[in-house]
Amino acid sequence: MVSLPIVQYEEKIIETVERNPVVVVIGETGSGKSTQLSQMLHRRGYGKIAITQPRRVAAVSVARRVAHELGVQLGEEVGYAIRFEDRTSHSTRIKYLTDGVLLRESLANPELNEYSVIILDEAHERSLNTDILMGLMRRLVNIRSSDLKVLITSATLDGEKVSKFFADCPVLNVPGKLYPVEVLYSRERPSSYLESSLKTALDIHIREPEGDILIFMTGQDDIEKLVSKLEDKVRALEEGSCMDAIILPLHGSLPPELQVRVFSPPPPNCRRIIVATNIAETSLTVDGVVYVIDSGYVKQRQYNPSSGMYSLDVVQISKVQANQRAGRAGRTRPGKCYRLYPSRIYNDEFLDVTVPEIQRSSLAGSVLYLKSLDLPDIDILKFDFLDPPSSESLQDALKQLFLIDAIDENGAITSIGQKMAELPLEPSLAKTLMEANNYGCLYEALTVAAMLSAETTLLPGQRKTEKKRKHTISNLPDGSGLGDHIQLLQIYECWDQTDFDIGWCKDNGLQVRGMLFVRDVRKQLSQIMQKISKGPLDVRANGKREEFRQDYRNLRKALCMGYANQLAERKMHHNGYRTLGFQAQVVQVHPSSVLSLDDLGKFPDYVVYHELIATPRPYMRNVCAVEMRWVIPIINKLKSLDVYKLSGGVHHVEEEPEKKLPDFPKKDVEVASTADDRESRIQAARERFLARKGKK
DNA sequence: GAGCACTGC
């Protein structure tokens, strides 16, 4: 422990913290910042210390290590708090928590008086929650100037910017403990990064001394292709010409038991070649890696506020990401990083920092959260944060919130909106629960909301062999033809009837972890509903359920009210739909949907959808049939909407258009926002094209 | 008739 670089800087750090309310600490990998900063401040007698982490596992493992170093029982002086699990007590002085948990805490106590020190760790990852916390911290240090210290840890390329945001606070540099990594660039960008990765990996395997190889690819498809090509080539090598090799895929939808294979060391005289997504960038650390191959690409989910549509695009990584990837080669000894792009691309085209999540997500939930905090001294609409989102994105959020009565026509939060903010759900689902409580179907709505919260983790990732699973398995219910929400409800109820039998999940191809998560979420939502609901609460299944089962009318009505901004109307003579938002989109029901056709081969006239996804064709994922008479009042409300009033009478569009993408190295950023959008769409299309070419 | 980077309250 004494060998950690940060220990030598203790005096300097303490001195700087004593003199300044905010300090930025640049601590590279291996500096020990996550475990040591809190202990230093604790030793100097500061009161309760909160340290946020973007990931649950990190909060738990770092807390465990600190407790061990201090020789105390975990949960006593040192503890952690993550969703569903609070291991702290009255004696806790050092508390590790996920940034989401700290946001929840500040909902109950906006001044966070409990803490003397708040450390936002890994701020350079720019998670949505960390960005919001940074905005709140800027306000908090003014209000609690005498008794609060804030530390923010970040990466080299971002430090000055964060410092500027906090009134030019001091920046301390703490070196990391990485071995040198030699970076090698390609002369030009390869026409196929898959082939290029293959060739580079084989070259390393044949020529270079022992040490594992880590290859960064963009997704499961490419990983599987590369793994099988590598296996062929390695098998074809002449026996005895070089050491053996095992090839391991690593990505998020791999079942956990296959993921952990990368943690067991290879047999002697054998090299491991790990082909991974960016899960290996931060979430999982593979020991023994000496060579890194970096394609320079990543798959990124982005939200388009003008269409309300998500897309998953292959985009170039940022410099911070490239350096993080390279660093994975130098953890145990000096290593090499092969970048499959020229240094010119790195210098001129890569952004310094990954585009923050706040500029890539729908902000309905965040805006509702901030409004519910009721901070008179902060202008939410200016989003006075490190990288403000576009005004278009904010207006989209306001419109959504207005349509579900979370805010009134002047943009002020309503009492129902206040309650919705308490629920750890996106606003549309929170509203669905509130409506369901009125219609006597909260019991079912809780299940639907919980199932949707876990949706992506329910089905296992081996889709090659089980492609048509959803349709071919007959034992799973089909939503009675009414749509995917109803199916999700029915699936959970089947599981409930087996007394939550693990074997039942396995038999039906459902991820056990995912289903257990659903049960936890459901319980949590139920408890919060009990807390915030003053009137009678219908959380237990009671009699009269049978007639309800027929068509789930009330539940579908509640969903319709909750998803008021996610409605679609079928086109006259075919099964395409037109969304009823502000910019009508022509979309299709996703082919995986269980929504059924009527006798004439037609889908229902109206549906609500959980999300729009461009893949690249536009689809509605998770749809539910609703009735026209429920939809009409919503359409009328749509007509009455006045965005100008919602935004508090301020024209934000004209205000600061150049702030939209502050970090793009493009010189011609001062174009109108529509042209700007077009530009980025063209850019995205170009990258998709390149990525497709790479796959061939 | 078709597809899914990674987190998290």
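Labels below follow one simple rule: chain letters A, B, ... track the order of the sequence lines, proteins then strands, and each chain is numbered from 1. Note: hydrogens, waters and symmetry copies are ignored here, and every other heavy atom, side chains too, is used.
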Exercise. Got a sec: does the CZ of A:Arg331 have more than 12 other heavy atoms crowding it under 6.0 Å?
Worked result: no

Exercise. How long is the line joining CD of A:Gln302 and C1' of B:dA5, in whole Å?
Worked result: 11 Å

Exercise. Between B:dA2, B:dC4, B:dC9, which nucleotide has the shortest distance from any of its atoms to the side chain of A:Lys299?
Worked result: B:dC4

For this session: Taking atom NZ of A:Lys602 as the centre, report whether more than 12 heavy atoms of other residues, nucleotides or ligands fall under 6.0 Å from it.
Result: yes

For this session: Could you state the atom-to-atom distance from OH of A:Tyr96 to C1' of B:dG8 in whole Å?
Result: 20 Å

For this session: With heavy atoms under 4.0 Å as the rule, sort A:Arg301 into base, sugar-phosphate or nothing.
Result: base

Problem set entry | Expected output: side-chain A:Tyr369 to main-chain A:Leu103 donor-acceptor under 3.5 Å | yes

Problem set entry | A:Arg55 side chain, from C-beta outward: closest of B:dC9, B:dG8, B:dA2 | B:dG8

For this session: Hey, which sits more toward the 5' end of DNA chain B by its nearest nucleotide, A:Thr277 or A:Phe517?
Result: A:Thr277

Problem set entry | Between P of B:dT7 and CG of A:Leu128, the distance in whole Å | 16 Å

For this session: For A:His251 and B:dT7, give me the distance from atom NE2 to atom P, rounded to whole Å.
Result: 12 Å

For this session: For the pair A:Glu105 and A:Lys48, find out whether any cationic side-chain nitrogen is under 4.0 Å from an anionic carboxylate oxygen.
Result: no

Problem set entry | DNA chain B contacts among residues 97-111 of chain A, heavy-atom distance under 4.0 Å | A:Thr98, A:Gly100, A:Val101, A:Arg104

Exercise. Atom CD of A:Gln588 to atom P of B:dG3: distance rounded to whole Å?
Worked result: 13 Å

Exercise. Can you check the A:Arg56 CZ to B:dG8 P distance for me, whole Å?
Worked result: 7 Å

Problem set entry | Atom CZ of A:Arg513: over 12 foreign heavy atoms under 6.0 Å | no

Exercise. Is the shortest distance from a Lys or Arg side-chain nitrogen in A:Glu122 or A:Lys33 to a carboxylate oxygen in the other one below 4.0 Å?
Worked result: yes

Problem set entry | Interatomic distance where CD1 belongs to A:Ile279 and C1' belongs to B:dC4 [whole Å] | 14 Å

Seminar exercise, completed: Whole-Å distance, A:Glu357 CD to B:dG8 P, equals 11 Å

Seminar exercise, completed: Minimal heavy-atom distance between A:Ile215 and A:Ser197, with the atoms involved, is CG2-CB, 4.1 Å

